Protein chains: 2
Amino acid sequence: MSAANNKDGKYKYKGIPLTVVKRLPGYQRLLSELAAKEVERVSSRELAAKMKINPSQVRQDLSLFGSFGQQGYGYRVSYLLSEINKILGINAETKMVLVGGGQLGRAVANYRNFAKRGFIIEAIFDRDPRVIGRTIDNRVVRDVQELTAYLQAEPAEIGIICTPASAAQEVADQLVAGGIKGIWNFAPVALKVPETVCLEHVHLGESLMILSFKLKQKQEELFNQKK
Amino acid sequence: MSAANNKDGKYKYKGIPLTVVKRLPGYQRLLSELAAKEVERVSSRELAAKMKINPSQVRQDLSLFGSFGQQGYGYRVSYLLSEINKILGINAETKMVLVGGGQLGRAVANYRNFAKRGFIIEAIFDRDPRVIGRTIDNRVVRDVQELTAYLQAEPAEIGIICTPASAAQEVADQLVAGGIKGIWNFAPVALKVPETVCLEHVHLGESLMILSFKLKQKQEELFNQKK
DNA sequence: TTGAGATTGTTAGATATTTAACAAAGTATG
DNA sequence: CATACTTTGTTAAATATCTAACAATCTCAA
């Protein structure tokens with residue numbers, strides 16, 4: 001292993017560039033697909049082709065975490081997948097709570113791909129009396145006022161925020177008070193949380209705007225080629 | 001203006017780094033918020049603080065598209081916002097069609113933030129006979145078999161894919177056949193489309209895995225600090 | 001068992017992105 | 001109307017990321 005550990009092997013995964021981190025789930029998905037097809041081995045060249053990146057980059061990314069391949073052979077799919085799962089922390093079960101039982105919240109609650117990987121939504125909360133008490137994917141929606149108390153009794157690692165932007169910060173504060181370690185935020189707002197809490201945003205609107213920009217750019221390109 | 005135009009002013013927005021493009025929606029949202037609060041002026045320092053980046057970066061990002069500020073004053077919020085809207089292509093109305101009327105599709109169809117910015121879902125399609133004919137947010141769900149024919153009669157710019165991964169490629173092909181210009185893909189699969197079509201992925205699962213990685217990293221950090 | 005071919009992990013070089021620095025040009029105030 | 005202050009747009013330096021190159025070493029077929 002190259003850069004990941006210091007002498008006593010304790011300081012793992014420090015200083016991994018965010019650009020590398022963002023590629024890890026891509027490797028995970030590709031390897032899952034290969035494993036499902038019962039492919040035994042894969043080379044950095046093949047992985048790179050599927051990711052549309054350079055083979056050197058695949059090797060360098062992986063080398064930040066260890067030596068998982070073999071010269072002249074490549075990587076054993078099952079082994080590399082299990083190592084990447086460990087790196088991503090999806091080997092153990094992770095408990096989550098979801099706040100916001102609207103359309104988006106229900107979509108997230110019903111999304112099977114998380115559960116498959118050990119991410120379990122333990123409880124769902126909402127503010128709206130018309131939603132509280134109803135059932136979403138076999139879980140009764142609880143009153144958000146019980147959120148912090150619930151978490152103290154039933155700790156969870158990740159809190160999912162699917163509320164409108166106006167309520168998101170308040171919910172985040174309650175999640176933090178309940179001892180949550182990470183927040184997965186779908187509300188289009190920048191949350192403030194203590195340094196000890198991890199934050200990951202999913203801003204759907206921003207993604208659409210990026211597509212819009214690319215479209216505009218490509219149209220101008222084509223227009224100019226015709227001339 | 002520095003790098004955006006060539007001599008005759010036609011080749012706009014070429015060669016903008018993707019890292020910059022990804023920040024543009026952030027600027028857009030911040031400026032919208034400031035405009036809503038009727039703030040008149042803003043400096044690169046203030047924008048940078050809210051984006052958690054360096055003021056130089058804000059100025060350099062913007063300078064790729066033009067000169068929108070004034071020495072000693074900063075940027076006029078309303079003007080900069082309108083320029084960024086132009087850059088992102090959210091000044092005109094953009095027609096979209098959505099394929100997949102499941103939980104996620106319904107959530108996207110009901111999401112108000114797009115419509116506010118001129119992105120209109122004109123029609124919704126599904127494969128399931130139990131869903132076809134039902135109404136989602138005032139639009140009747142059509143049979144996906146009609147998709148290509150519909151698009152030929154009623155052109156749209158963007159196709160949204162909210163189907164399971166297994167159906168996504170087929171839907172993408174039909175969208176392309178119907179003359180769609182860009183695809184916004186929520187299915188966890190890498191789509192193949194012609195070079196002329198723009199693609200933007202939203203991989204919810206990948207975002208959760210990144211959060212999981214960060215959590216793991218932070219926990220090890222804290223564990224080591226205690227020692 | 002040997003040798004040709006393949007592929008890793010790593011180092012060094014090339015490229016891209018971010019940050020610092022500063023002249024230019026405005027604002028604001030007395 | 002002069003002057004101190006502010007802040008941009010831009011150039012150059014610093015940093016980060018990506019790519020090429022290659023020794024080391026394994027595979028595989030004969």
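Everything quoted here is computed from the prediction, not taken from an experiment. All chains are named by letter (A, B, ...) in the order of the sequence lines, taking the proteins before the strands, and each is independently numbered beginning at 1.
Contact annotation: the side chain of B:Y75 approaches that of B:L62 to within less than 4.5 Å [non-hydrogen atoms, C-beta and beyond]. No side-chain heavy atom of B:Y111 sits under 4.5 Å from any side-chain heavy atom of B:V108.
Distance CG (A:N54) to C1' (C:dG13): 14 Å, rounded to an integer number of Å. Atom-to-atom, CD1 of B:I53 to P of C:dT19 comes out at 8 Å; the value is rounded to the nearest Å. Rounded to a whole Å, the CG atom of A:D61 is 14 Å from the C1' atom of D:dA16. Atom CG in A:L80 sits about 15 Å away from atom P in C:dT7, given to the nearest Å. The separation between A:F68 atom CZ and C:dT10 atom P is 11 Å, rounded to whole Å. Taking atom CZ on A:R76 and atom P on C:dT7, their separation rounds to 14 Å, with Å as the unit.
Considering only side-chain N and O atoms, A:Y73 lies nowhere under 4.0 angstrom from the phosphate OP1 or OP2 of C:dG9. At the phosphate of C:dA21, neither OP1 nor OP2 sits under 4.0 Å from any side-chain N or O atom of B:S56. Proximity of B:R23 to the phosphate of C:dT18: a side-chain N or O atom is located under 4.0 Å from OP1 or OP2. Taking side-chain N and O atoms only, B:Q70 has no distance below 4.0 Å to OP1 or OP2 of C:dG26.
Set against D:dT8, D:dT27, C:dT19, the side chain of B:Q71 has D:dT8 as its closest nucleotide. Each of C:dA24, C:dT17, C:dA21 was ranked by its minimum atom distance to the side chain of B:R59; first place goes to C:dA21. For A:Y75, the listed nucleotide lying nearest its side chain is C:dG9; candidates were D:dT10, C:dG9, D:dC18.
Across the interface with DNA chain D, nearest-nucleotide mapping of A:G72 and A:T19 shows A:T19 to be the residue nearer the 5′ end.
Taking all atoms of both residues into account, the shortest heavy-atom contact from A:A172 to A:V193 is CB-CG1, 4.5 Å.
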Which donor-acceptor pairs under 3.5 Å do side chains of residues 52-60 of chain B form with protein atoms, sequence neighbours excluded?
{"from": "B:N54", "atom 1": "OD1", "to": "B:S56", "atom 2": "N", "distance (Å)": "2.8"}
{"from": "B:R59", "atom 1": "NH1", "to": "B:S44", "atom 2": "OG", "distance (Å)": "3.0"}

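Inter-axis angle, ends of the helix from C:dT1-D:dA30 to C:dG30-D:dC1, five pairs per end, rounded to 10 degrees: 30°.
Aromatic pair A:F119/A:W184: centroids not less than 6.0 angstrom apart.
How far OG of A:S67 is from CD of A:E83: 10.5 Å, rounded to the nearest 0.5 Å.
One finds a salt bridge joining A:K216 and A:E220 here, because a Lys/Arg side-chain nitrogen approaches an Asp/Glu carboxylate oxygen to under 4.0 Å. Checked for salt-bridge contact, B:R29 and B:E33 meet the test: a charged N lies under 4.0 Å from a carboxylate O.
Contact check of residues 25-52 of chain B against DNA chain C (heavy atom, cut-off under 4.0 Å) returns B:R41.
For the pair B:R41 and B:Y73, the distance from NZ or CZ to the six-membered ring centre is under 6.0 Å and the angle to the ring normal is within 45 degrees.
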